[in-house]
Amino acid sequence: MAELLHPLLIPSSWLVRGQYFPAQGSPQKVLGTTEIRADEEFPETLRVLGEIRDAEDPSSRPVATEFVLDLVAPGSVRFHMNSIPLGTVLVGNGSWNSEQLEFHYSSPDRRILGVESYAAVGPELLLTAGVMFADAVPVTWWLARMEKVR
């Protein structure tokens, strides 16, 4: 079954290079990692751990993110993120096939909304893009390449 999964849904490590485009401020080149871990007891639950920093400032502090994807049915995921910086829980749903993974999420009060997509160029290269809104105003966009770490 693993060959039918989207590459991001398989436990692995990825190198991330891209850009953030904040609504306020200049575009920022970023560099980081993303690690996908399956829960030992419930392998259909994947913990996605990311760390990203300013690629042009080696002394910059990395920003960590963590969210959970539950494979709830063929082609369907549930998204859940506890976010300390946002002070809220984000929840959502998504769809996937072997080439594309997309999910959307929101805070319970719907003040924060986000959409992310991951296009598989092959089993070891993903293109990801996303946008996050606060009170219906775009806060940041991002575009990045993810290369699988061997």
Side-chain angles (χ1 to χ4, degrees), residues 1-23 27-55 62-86 88-150:
M1 178 168 166
E3 64 276 356
L4 301 177
L5 288 174
H6 185 278
L8 194 72
L9 301 177
I10 301 169
S12 53
S13 296
W14 299 84
L15 178 63
V16 181
R17 297 173 204 256
Q19 283 193 291
Y20 275 95
F21 304 93
Q28 178 185 26
K29 289 183 181 177
V30 294
L31 179 64
T33 59
T34 297
E35 187 172 333
I36 315 302
R37 296 182 188 162
D39 184 279
E40 287 184 30
E41 192 174 347
F42 301 102
E44 68 278 5
T45 297
L46 302 170
R47 188 165 305 282
V48 181
L49 303 133
E51 192 172 272
I52 202 96
R53 67 171 178 80
D54 184 335
V63 175
T65 59
E66 181 176 339
F67 59 87
V68 174
L69 294 174
D70 288 305
L71 303 176
V72 293
S76 183
V77 295
R78 187 171 46 235
F79 173 94
H80 180 90
M81 178 182 192
N82 292 323
S83 177
I84 292 170
L86 297 175
T88 189
V89 173
L90 301 175
V91 293
N93 295 294
S95 300
W96 60 270
N97 61 31
S98 60
E99 290 83 30
Q100 184 70 20
L101 166 64
E102 295 203 20
F103 50 85
H104 55 89
Y105 46 83
S106 68
S107 58
D109 61 6
R110 309 237 349 120
R111 291 188 66 202
I112 297 170
L113 302 170
V115 177
E116 298 185 23
S117 68
Y118 298 82
V121 178
E124 298 187 358
L125 179 62
L126 303 177
L127 299 178
T128 181
V131 61
M132 185 173 282
F133 299 86
D135 296 322
V137 176
V139 176
T140 189
W141 295 262
W142 57 92
L143 181 61
R145 291 172 53 95
M146 297 175 67
E147 296 176 40
K148 193 172 202 172
V149 177
R150 292 181 173 237

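Index from 1, following the sequence.
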*Between Tyr105 and Met132, does a side-chain contact (heavy atoms from CB on, under 4.5 Å) hold up when you go through it step by step?*
CA-CA 9 Å; Tyr105 46 83; Met132 185 173 282; 3.7 Å; yes
Write down the atom of [X], the atom of [Y], and the distance for their closest heavy-atom approach.
X     : Y      : answer
Arg17 : Leu15  : NH2-CD2, 3.0 Å
Ala23 : Pro138 : CB-O, 3.3 Å
Pro7  : Ser12  : O-OG, 4.2 Å
Glu40 : Pro43  : O-CD, 4.4 Å
Trp96 : Leu4   : CZ3-O, 3.6 Å
Val68 : Thr45  : CG1-CG2, 3.6 Å

*With sequence neighbours left out, which residue pairs that include part of residues 92-107 fulfil the salt bridge (Lys or Arg N to Asp or Glu O under 4.0 Å) condition?*
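Matches after skipping sequence neighbours: none remain.
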*Which salt bridge (Lys or Arg N to Asp or Glu O under 4.0 Å) pairs, counting each pair once, include a residue from residues 125-142, with sequence neighbours left out?*
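Pairs touching residues 125-142 that pass the test: Arg111-Asp135.
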*Just say parallel, tilted or perpendicular for the rings of Phe79 and Phe103, cut-offs at 30° and 60°.*
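Parallel: the ring planes of Phe79 and Phe103 meet at under 30°.
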_So, taking the atom named OG1 in Thr140 and the one named CD in Gln19, what distance separates them when rounded to the nearest 0.5 Å?_
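Interatomic distance, Thr140 OG1 to Gln19 CD, rounded to 0.5 Å: 11.0 Å.
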*Between atom CZ of Phe21 and atom CD of Gln28, what is the distance when rounded to the nearest 0.5 Å?*
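It comes to 11.0 Å.
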*Among Leu113, Val91, Leu90, find the residue that satisfies the side chain to side chain contact (heavy atoms under 4.5 Å, CB included) test when tested with Ser107.*
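For Ser107, the side chain to side chain contact (heavy atoms under 4.5 Å, CB included) check succeeds only for Leu90.
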Within-4.5 Å side-chain heavy-atom neighbours: [X] and [Y]:
X     : Y     : value
Leu69 : Leu9  : yes
Arg37 : Leu49 : yes
Leu31 : Arg53 : yes

*For side-chain contact (heavy atoms from CB on, under 4.5 Å), just list the numbers for Val16 and Val30, CA-CA rounded to whole Å, side-chain angles, deciding distance to a tenth of an Å, and then say yes or no.*
CA-CA 8 Å; Val16 181; Val30 294; 5.6 Å; no
*Determine yes or no for a side-chain-to-main-chain donor-acceptor pair under 3.5 angstrom, with Ser117 supplying the side chain and Thr128 the backbone.*
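Pair absent, no side-chain N/O of Ser117 close to backbone of Thr128.
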*Yes or no on side-chain contact (heavy atoms from CB on, under 4.5 Å) for Trp14 and Ile36, after CA distance, side-chain angles and deciding distance?*
CA-CA 8 Å; Trp14 299 84; Ile36 315 302; 4.1 Å; yes
When the side chains of residues 142-150 are checked against the rest of the protein, which donor-acceptor pairs come out under 3.5 Å, sequence neighbours left out?
from, atom 1, to, atom 2, distance (Å)
Arg150, NE, Glu124, OE1, 3.3
Arg150, NH2, Glu124, OE1, 2.9
Arg150, NH2, Glu124, OE2, 3.0

*Passes side-chain contact (heavy atoms from CB on, under 4.5 Å), Ile52 versus Thr65? Steps please.*
CA-CA 8 Å; Ile52 202 96; Thr65 59; over 6 Å; no
